[in-house]
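Computed from a predicted model, the values in this text were never measured in an experiment. So you know, we letter chains A, B, ... as the sequences are listed, proteins then strands, and number each from 1.
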Number of protein chains: 2
Amino acid sequence: MTERRSEGSAEKRVPAAAFGADVPERLLLPGVPDATVARLPVYLRVLGALSDRGTRTVSSDELAGLAGVGSAVVRRDLSHLGPTGTRGVGYDVEALAERVSHMLGLTHERAVVIVGAGNLGSALAGYAGFGSRGFRVSALLDTDPAVVGTPVGDLVVEDVAALEQVVARTGAAIGVITTPGPAAQSVCDRLVDAGIASILSFAPTTLSVPDGVDVRRVDLSVELAILAFHDSRRLPAELGLAAAGDAS
Amino acid sequence: MTERRSEGSAEKRVPAAAFGADVPERLLLPGVPDATVARLPVYLRVLGALSDRGTRTVSSDELAGLAGVGSAVVRRDLSHLGPTGTRGVGYDVEALAERVSHMLGLTHERAVVIVGAGNLGSALAGYAGFGSRGFRVSALLDTDPAVVGTPVGDLVVEDVAALEQVVARTGAAIGVITTPGPAAQSVCDRLVDAGIASILSFAPTTLSVPDGVDVRRVDLSVELAILAFHDSRRLPAELGLAAAGDAS
DNA sequence: TATTGTGAAGTCATTCACAGCA
DNA sequence: TGCTGTGAATGACTTCACAATA
């Protein structure tokens with residue numbers, strides 16, 4: 001791996017005391033907050049756009065505007081990469097993109113296997129966001145014999161019965177589950193058994209996995225419900241405010 | 001300086017002091033944390049499944065297991081709905097579902113307009129999660145003349161030029177953006193102008209909207225990048241653990 | 001007795017404000 | 001002069017632990 005410690009910065013706060021003495025180093029070294037990790041990909045996208053436009057440097061304020069966050073958040077987030085900016089100037093776009101990319105582990109392409117070739121799975125297989133920046137959809141699986149064998153984009157739908165072989169063949173690191181809810185857990189189990197430790201699920205169910213397996217869920221009905229919650233409080237509030245005149 | 005992120009709830013805290021004493025209390029009181037709001041829909045799904053199975057009561061511990069969170073989280077979350085459980089017994093499944101549903105504002109059906117009838121938009125139009133529980137996809141729009149007029153499920157793709165009329169006709173409360181990135185901002189602007197204040201975007205861009213409009217983003221490449229981050233730290237660690245004798 | 005509901009403590013994240021540096 | 005990087009303050013969320021109670 002590209003794990004060099006060429007960085008001279010001697011004072012990396014390691015919360016060693018919080019854990020035991022014999023905890024594997026990987027848990028201690030980087031210490032990047034989850035919230036920061038979730039924003040780094042957004043910065044990376046913005047930096048890519050800036051780079052395409054020929055912009056050489058960017059300030060935390062500009063980057064913040066383009067990413068839709070506050071500038072203090074940007075500076076705090078980037079501080080976890082070590083000193084990457086130049087005071088009075090800003091950040092070098094190319095260098096920063098490289099740093100962020102490296103921090104996220106996007107140093108090599110990862111193969112992605114999608115299980116469930118329904119509408120959503122097929123859509124994701126062709127989705128541009130999947131093809132870009134370090135991910136390649138290398139297989140699309142389904143149970144339905146009527147679907148198995150049909151082409152979707154560059155791929156041909158394969159039988160989910162061969163899941164283990166497909167994972168082995170493609171060296172997939174990430175599994176995406178777009179099956180109906182009831183099938184999700186068993187598909188998940190098989191992905192895990194096949195060696196996949198990173199799973200993105202669109203199924204509206206809770207998946208249980210062994211320790212060490214990382215599951216992220218995207219649940220459309222949850223997103224809609226959250227919007228509904230805010231919506232339901234906004235309507236009465238607006239009426240009240242309108243009657244009382246402008247808020248400020 | 002719109003400073004909203006994908007998780008943004010534009011106005012969680014109402015500045016009560018600014019309004020004096022005669023603002024209706026119910027508008028100010030609830031103060032449900034964002035993190036809780038994001039979990040309530042999950043509880044609601046679990047409660048629905050329990051109800052279908054004929055289960056009458058459920059403890060915070062059981063609910064926690066089914067929802068994939070800790071039991072203290074469940075109790076804390078539900079405490080925001082007022083006293084809903086019975087000590088020594090648990091929660092009444094039906095009554096709790098009703099309470100949660102009401103808290104989320106899922107009391108009436110909301111019309112959803114999807115803009116972008118590509119793979120993803122078409123998939124979402126037919127997605128079960130959209131049809132269930134208080135949401136109905138009432139229109140699907142696109143720019144492409146070759147797509148406009150074609151049927152997708154029960155719907156016929158309409159011309160995005162008629163966006164304003166479609167929103168008015170359907171009384172849509174929620175807009176879903178599944179266009180390519182470059183088109184997203186202008187579609188967003190038009191949705192907002194048409195009176196939509198709740199937007200779910202799948203476009204990989206930052207959307208800027210006026211205050212009071214709620215935007216949630218689902219970004220597949222962000223999700224994958226987060227998985228990649230954890231994946232890239234797991235690999236070296238597993239080797240280390242394997243050498244040291246991993247328990248599981 | 002079993003389980004809720006909640007103070008209190010702890011952990012994590014955001015924001016402020018400015019010293020330090022190019 | 002302008003902007004980064006970061007202590008310190010604030011705020012949000014989680015977890016603990018147990019008193020209250022059906």
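- The residues B:D193 and B:R190 are annotated as not salt-bridged, no charged nitrogen and carboxylate oxygen being separated by less than 4.0 angstrom.
- To the nearest 0.5 Å, atoms OG1 (B:T178) and OH (A:Y127) are separated by 8.5 Å.
- The nearest whole Å value for the distance from the CD atom in B:E62 to the P atom in C:dA2 is 14 Å.
- Take B:T36 and apply the side chain to side chain contact (heavy atoms under 4.5 Å, CB included) test, not counting sequence neighbours, and it matches B:V32, B:P33, B:R39, B:L40, B:D77, B:H80.
- With sequence neighbours left out, the side chain to side chain contact (heavy atoms under 4.5 Å, CB included) criterion links A:T206 to B:R45.
- Rounded to an integer number of Å, the gap from CG of A:L81 to C1' of D:dT6 is 15 Å.
- D:dC13 atom C1' lies 8 Å from atom CZ of B:R39, rounded to whole Å.
- No side-chain donor from either of B:T205 and B:Q185 sits under 3.5 Å from a side-chain acceptor of the other.
- Side-chain contact of A:D219 with A:S221: a donor-acceptor pair under 3.5 Å is present, judged by distance alone.
- The nearest whole Å value for the distance from the CG atom in B:D34 to the C1' atom in D:dC13 is 11 Å.
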(message) So if I define the base as every atom that isn't primed, P, OP1 or OP2, how would nucleotides 4-9 of chain C read as a B/S/- string at a heavy-atom cutoff under 4.0 Å?
(response) BBBBB-
